[in-house]
Amino acid sequence: MELPLSRYQNISLGQILDSSSSSAFDSKAFFFSGSQLYWTNGRKRSTSFSPLRCSLVKQTLRPKPNYKPSKPHEDTEEKTNIKHTKENKFSFGLCDQIEKLVFKRRYQEALELFDFLEIEDGHGVTSSTYDSLVNACIGAKSIKGVKRVTNHMFNNGFVPDQYMSNRVLLMHVRCNMLMDARILFDEMPQRNLVSWNIMIAGLVDVGDYVEAYRLFLTMWSEYSEADSRTFATMIRATAGLGLLYPGRQLHSCVLKMGVSDDIFVACALIDMYSKCGSIEDAQFVFDAMPQKTTVGWNTIIAGYALHGYSEEALSLYYEMQDANVPMDHFTFSIVVRICARLGSLEHAKQAHASLVRHGFSLDTVANTTLIDLYSKWGRIEDARNVFDRMPCKNLISWNALIAGYANHGRGEDAVELFDKMLCEGMRPNHVTFLAVLSACSNLGLSDRGWDIFYSMDSIHNINPRAMHYACMIELLGREGLLDEALALIRNAPFEPTMNMWAALLTACRIHKNLELGVFAAEKLYGMGPEKLSNYIVLLNIYNNMGKMEEAASVIHNLKQKGLRLLPSCTWIEIKKQSHAFCSGDKSHAQTKEIYQYLDGLLVEISKHGYVPENRYLLPDVDEKEEHMLLYHSEKLAVTFGLMNTPDYVPLQLVQSHRICHDCHNALKLISKVKDREIVVRDASKFHHFKNGSCSCGDY
DNA sequence: GTAGGGTTAG
């Protein structure tokens with residue numbers, strides 16, 4: 001499987017840095033942080049980092065109202081003296097309490113107590129209390145707290161040493177105040193390796209990998225400083241960029257510096273190699289780990305899973321168990337996801353049970369994966385149960401269930417859940433809208449769809465993307481509003497995408513508008529001349545219209561480019577035994593019975609109005625294979641994103657129902673399949689079938 | 001002398 005970022009593999013870091021004009025530091029976005037006044041020990045400021053930016057900082061620095069001291073001092077000599085004596089005692093007690101609360105991880109309470117310290121004179125506050133307050137802010141992720149603590153230090157003339165400077169920097173980074181953190185960092189009178197590491201890690205955390213690299217290269221070239229922590233962070237940045245070549249360079253540096261045995265570095269390397277497309281290198285690093293930790297195992301298992309090697313990933317998980325390595329919530333999240341991909345309900349149930357047994361039944365990520373897993377199997381009530389029992393739901397959890405409902409014909413529930421989500425104050429994102437618009441589309445709720453579509457920008461401040469447009473086009477198309485759908489494409493604030501034209505094309509096929517259909521198909525054909533699906537769609541349309549000359553020209557073009565249809569694959573699990581099927585392959589021992597069953601199902605769905613399209617698929621297709629190809633043609637459409645369907649299709653005949661919009665009967669079919677303990681899934685991403693080699697039998 | 005690093009979900 002080609003990884004999405006593998007196209008960058010041959011690009012050097014230099015090219016990335018040169019070509020990137022993006023910077024996290026937009027001069028307009030600067031705001032007052034107090035840093036220039038904060039570092040007061042008189043050391044010369046460094047100008048080696050973006051002098052231009054520093055001058056911008058000076059130009060644009062202006063105090064923000066909420067950054068001012070909360071209680072200005074009344075500094076008459078007499079009052080100060082009296083208060084100082086009284087409050088020192090008071091402050092000491094208070095400081096002590098704050099430190100104790102932070103030690104007990106009661107961060108919010110500690111910050112509340114800090115209120116009293118703010119009101120009074122804080123000259124007696126020591127580094128130790130500030131250190132605790134830093135932990136409180138980080139623990140509570142409180143931006144307000146960061147500002148209060150920083151101001152308190154400044155107002156009370158506290159001069160931080162190197163240690164406290166780094167702690168303050170860390171506090172800003174961990175509370176997602178990257179702009180402030182960067183200003184603090186640039187203005188620091190003195191930095192050490194820890195300061196650099198904190199700043200670089202902060203940039204990596206927010207995904208600004210290029211800027212992290214810039215900083216790292218500056219550090220490396222000017223100071224020749226870096227340790228295992230720096231490398232672990234930079235390897236993570238490389239993984240984020242998907243750059244194998246710089247990743248290898250970092251690996252070399254790690255070896256030369258003798259920090260390759262560091263567990264953090266090893267785990268980061270495994271992850272980096274996995275994400276950059278080299279699972280062999282990941283395995284090599286894993287094998288070389290002197291001590292294989294939980295994170296190490298998690299990372300290599302996730303790596304195999306990422307590459308589609310689900311069985312290998314699962315056997316590694318069993319190896320991990322045999323090695324008595326403790327498992328954590330990461331392990332179970334990864335394993336549940338693997339089971340979802342494997343399409344094995346048996347494995348999934350075991351993973352779910354293990355998760356509960358090991359005490360991770362409350363974990364948000366693992367539970368969200370379970371929701372996704374059960375939804376994809378159509379076990380939507382199980383998904384709902386998991387969701388309802390979750391003590392802490394985040395946006396992804398909501399999205400998973402809404403999408404689950406939408407993809408299984410439970411549009412009403414999806415829209416209802418979307419409304420509930422808004423009522424509970426959860427802010428939707430573009431994924432939420434994709435799911436809920438898809439639900440509206442399935443239900444034929446064009447008015448509600450429009451309302452939701454418009455609300456994206458007007459209420460939720462989210463610009464609809466091409467996929468949202470495609471959803472709306474599908475919705476309008478199903479209602480037969482082809483002109484409206486075409487107008488939406490033409491009025492889109494960006495170039496229409498293939499998905500948008502494909503949605504229109506589907507609508508044209510449903511409503512037999514061949515002229516608009518051919519227009520859409522030709523657009524598609526022009527947009528992706530190397531995409532096989534576009535040839536097929538156009539070919540089908542020409543054939544349906546009786547335009548034989550045009551059809552012949554498409555076939556000619558197809559042959560010239562050497563494109564051909566690879567066999568489609570599906571496999572099913574029946575009573576814990578998996579069976580794979582490819583187009584035209586009849587080597588299975590029960591081929592005859594299977595075909596009889598499929599024919600029976602076809603007859604059954606035909607009773608509900610399904611009419612197979614006339615297909616003149618491709619040249620050189622054996623007549624005997626045509627029957628098989630018929631079953632796979634919808635799947636092909638799904639694979640190429642021509643229809644809005646879930647990744648894993650319970651039964652491809654269900655797709656036929658979706659084509660004629662008979663969700664009710666599609667669901668009836670799904671439950672019928674479930675009763676027989678049959679699970680069918682799309683095999684197109686599975687490694688056994690890479691390079692078109694399909695085989696039945698063992699698997 | 002303190003502080004900074006790695007893996008998961010839609």
Side-chain angles (χ1 to χ4, degrees), chain A residues 127-128 131 134-135 138 160-171 173-174 185 191-202 204-205 225-237 239 254 259 262-272 274-275 282 285-286 289 292-303 305-306 320 327-338 340-341 355 360 363-373 375-376 383 386-387 390 393-404 406-407 428-435 646-647:
Chain A
S127 209
S128 158
D131 202 32
V134 164
N135 283 337
I138 294 171
D161 57 6
Q162 183 70 71
Y163 168 79
M164 273 313 292
S165 302
N166 287 341
R167 294 282 290 151
V168 171
L169 180 66
L170 180 73
M171 172 170 74
V173 164
R174 290 275 170 86
F185 177 77
R191 308 181 193 98
N192 63 6
L193 184 56
V194 177
S195 334
W196 286 89
N197 284 346
I198 293 170
M199 194 62 238
I200 292 172
V204 175
D205 284 341
E225 263 198 317
D227 64 1
S228 62
R229 285 180 159 91
T230 326
F231 284 111
T233 308
M234 285 319 299
I235 292 164
R236 184 154 61 95
V254 161
V259 291
D262 184 282
I263 287 165
F264 289 85
V265 169
C267 293
L269 279 170
I270 295 167
D271 187 53
M272 182 274 294
S274 302
K275 287 181 178 155
V285 177
F286 178 72
M289 272 179 91
K292 293 175 176 58
T293 58
T294 301
V295 181
W297 280 97
N298 289 348
T299 316
I300 191 71
I301 294 170
L306 180 71
M320 179 185 181
M327 287 169 286
D328 63 7
H329 61 288
F330 280 85
T331 321
F332 289 105
S333 304
I334 297 162
V335 168
V336 171
R337 184 158 160 71
I338 292 167
R341 280 188 168 268
L355 180 143
F360 298 112
D363 181 67
T364 307
V365 177
N367 278 318
T368 304
T369 319
L370 279 171
I371 293 171
D372 184 43
L373 178 149
S375 300
K376 288 208 165 115
V386 173
F387 180 83
M390 282 173 76
K393 305 172 183 77
N394 62 17
L395 176 61
I396 303 177
S397 327
W398 285 90
N399 286 352
L401 190 60
I402 294 173
N407 289 331
N429 68 356
H430 66 279
V431 181
T432 325
F433 283 106
L434 205 54
D647 284 350

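In this text, all values refer to a predicted model and were calculated from it rather than measured experimentally.
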*Asks:* Please evaluate the base of B/dA9 for a donor-acceptor partner in the side chain of A/Asn394 within a cut-off of under 3.5 Å?
*Replies:*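 By the distance-only test, yes, there is a pair.
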*Asks:* Between A/Arg191 and A/Phe185 (side chain of the first, backbone of the second, donor and acceptor by atom type, cut-off under 3.5 Å), is there such a pair?
*Replies:*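 Checking the backbone N and O of A/Phe185 against the side chain of A/Arg191, a donor-acceptor pair under 3.5 Å is found.
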*Asks:* Could you tell me how far apart A/Asp328 (CG) and B/dT8 (C1') are, to the nearest whole angstrom?
*Replies:*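 Atom-to-atom, A/Asp328 to B/dT8, this comes out as 9 Å.
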*Asks:* Given the structure, check if the side chain of A/Asp227 and the base of B/dG4 hold any donor-acceptor pair shorter than 3.5 Å.
*Replies:*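 Pair found.
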*Asks:* Below 4.0 angstrom from OP1 or OP2 of B/dG4, is there any side-chain N or O of A/Arg191?
*Replies:*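 The answer is no; no side-chain N or O of A/Arg191 sits under 4.0 Å from OP1 or OP2.
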*Asks:* Taking only heavy atoms on the protein side, list every residue of residues 331-338 of chain A lying under 4.0 Å from any atom of DNA chain B, sorted numerically.
*Replies:*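 Only A/Ser333, A/Ile334, A/Arg337 qualify.
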*Asks:* Rounded to the nearest 0.5 Å, what separates atom CG in A/Asp205 from atom CD1 in A/Ile198?
*Replies:*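 Here the interatomic distance stands at 11.5 Å.
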*Asks:* Quick one: list whatever passes side-chain contact (heavy atoms from CB on, under 4.5 Å) with A/Ala400, sequence neighbours left out.
*Replies:*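 Partners of A/Ala400 under the side-chain contact (heavy atoms from CB on, under 4.5 Å) test: A/Thr368, A/Ile371.
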*Asks:* Can you check whether A/Ser127's main-chain N or O pairs, donor with acceptor, with A/Asp131's side chain at less than 3.5 Å?
*Replies:*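 Judged by distance alone, no pair lies under 3.5 Å.
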*Asks:* Describe the nucleic acid contact of A/Ile263 in one word from base, sugar-phosphate, nothing, applying a heavy-atom distance below 4.0 Å.
*Replies:*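 If one applies the 4.0 Å heavy-atom cut-off, A/Ile263 turns out to touch a base.
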*Asks:* Tell me what A/Ser397 touches on the nucleic acid: a base, only sugar-phosphate, or nothing, going by heavy atoms under 4.0 Å.
*Replies:*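 Contact class for A/Ser397: none.
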*Asks:* Report the nucleotide, chosen from B/dG4, B/dG5, B/dT7, that has the shortest atom-to-atom distance to any side-chain atom of A/Val265.
*Replies:*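 Nearest listed nucleotide: B/dG5.
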*Asks:* Taking only the side-chain nitrogens and oxygens of A/Lys393, find out if one of them lies under 4.0 Å from OP1 or OP2 of B/dA9.
*Replies:*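 No, outside the criterion.
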*Asks:* Using whole Å, report how far CD1 of A/Ile138 lies from C1' of B/dG4.
*Replies:*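 It works out to 11 Å between those atoms.
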*Asks:* Which whole-number value in Å describes the distance from A/Gln162 CD to B/dG1 C1'?
*Replies:*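 Distance check: A/Gln162 CD to B/dG1 C1' gives 14 Å.
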*Asks:* Holding to side-chain contact (heavy atoms from CB on, under 4.5 Å), I want the full list of residues that pass it with A/Thr432, two or more places apart in sequence or in another chain.
*Replies:*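 Per chain and number, A/Thr432 pairs via side-chain contact (heavy atoms from CB on, under 4.5 Å) with A/Leu395, A/Asn399, A/Ile402, A/Phe418, A/Met421, A/Pro428, A/Asn429.
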*Asks:* Which whole-number value in Å describes the distance from A/Leu269 CG to B/dG5 C1'?
*Replies:*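 For the pair A/Leu269 CG and B/dG5 C1', the rounded distance is 12 Å.
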*Asks:* Would you mind telling me which of B/dT7, B/dG5, B/dT8 lies closest to the side-chain atoms of A/Val295?
*Replies:*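 The answer is B/dT7.
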*Asks:* Of the options B/dT8, B/dG5, B/dG4, whose atoms approach the side-chain atoms of A/Val194 most closely?
*Replies:*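 The nucleotide sitting nearest to the side chain is B/dG4.
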*Asks:* Who pairs with A/Asp227 by salt bridge (charged side-chain N to carboxylate O under 4.0 Å, His left out), at least two apart in sequence or on another chain?
*Replies:*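 Salt bridge (charged side-chain N to carboxylate O under 4.0 Å, His left out) list for A/Asp227, sorted by chain: empty.
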*Asks:* Counting side-chain heavy atoms from C-beta on, which of B/dT8, B/dA9, B/dA3 comes nearest to A/Thr368?
*Replies:*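 Looking only at heavy atoms from C-beta outward on A/Thr368, the closest nucleotide is B/dA9.
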*Asks:* Round to the nearest Å and state the distance from A/Asn192 atom CG to B/dA3 atom P.
*Replies:*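 Going from CG in A/Asn192 over to P in B/dA3 covers 13 Å.
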*Asks:* Rounded to whole Å, how long is the line connecting atom CZ of A/Phe185 with atom P of B/dA3?
*Replies:*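 So the two atoms are 20 Å apart, to the nearest Å.
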*Asks:* What residues, two or more places apart in sequence or in another chain, satisfy ring-ring contact (aromatic ring centres under 6.0 Å, His included) together with A/Phe264?
*Replies:*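 For A/Phe264 there are no ring-ring contact (aromatic ring centres under 6.0 Å, His included) partners, ignoring immediate neighbours.
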*Asks:* Could you give the CD1-to-P distance, from A/Ile200 to B/dG4, as a whole number of Å?
*Replies:*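 The distance from CD1 of A/Ile200 to P of B/dG4 comes to 15 Å, rounded to the nearest Å.
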*Asks:* So, does the side chain of A/Asp131 form a donor-acceptor pair with the base of B/dA3 at under 3.5 Å?
*Replies:*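 Answer no: no donor N or O sits under 3.5 Å from an acceptor.
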*Asks:* Identify which nucleotide among B/dA3, B/dA9, B/dT8 has an atom closest to any side-chain atom of A/Tyr163, counting heavy atoms from C-beta outward.
*Replies:*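 The answer is B/dA3, which lies nearest to the side chain.
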*Asks:* Compare the minimum distances between each of B/dG5, B/dA9, B/dT7 and the side chain of A/Thr364, then state the nucleotide with the smallest one.
*Replies:*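 Taking heavy atoms from C-beta onward, the closest nucleotide is B/dA9.
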*Asks:* Which part of the nucleic acid, if any, lies within reach of A/Ser228 when heavy atoms closer than 4.0 Å are counted: base, sugar-phosphate only, or nothing?
*Replies:*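 Here A/Ser228 touches the bases of the nucleic acid.
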*Asks:* Which part of the nucleic acid, if any, lies within reach of A/Ile402 when heavy atoms closer than 4.0 Å are counted: base, sugar-phosphate only, or nothing?
*Replies:*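 No contact.
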*Asks:* Can you tell me how far C1' of B/dT7 sits from NZ of A/Lys275, to the nearest Å?
*Replies:*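 It is 8 Å, rounded to the nearest whole Å.
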*Asks:* Among all residues two or more places apart in sequence or in another chain, which pass the salt bridge (charged side-chain N to carboxylate O under 4.0 Å, His left out) test with A/Arg174?
*Replies:*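 A/Arg174: no salt bridge (charged side-chain N to carboxylate O under 4.0 Å, His left out) contacts found.
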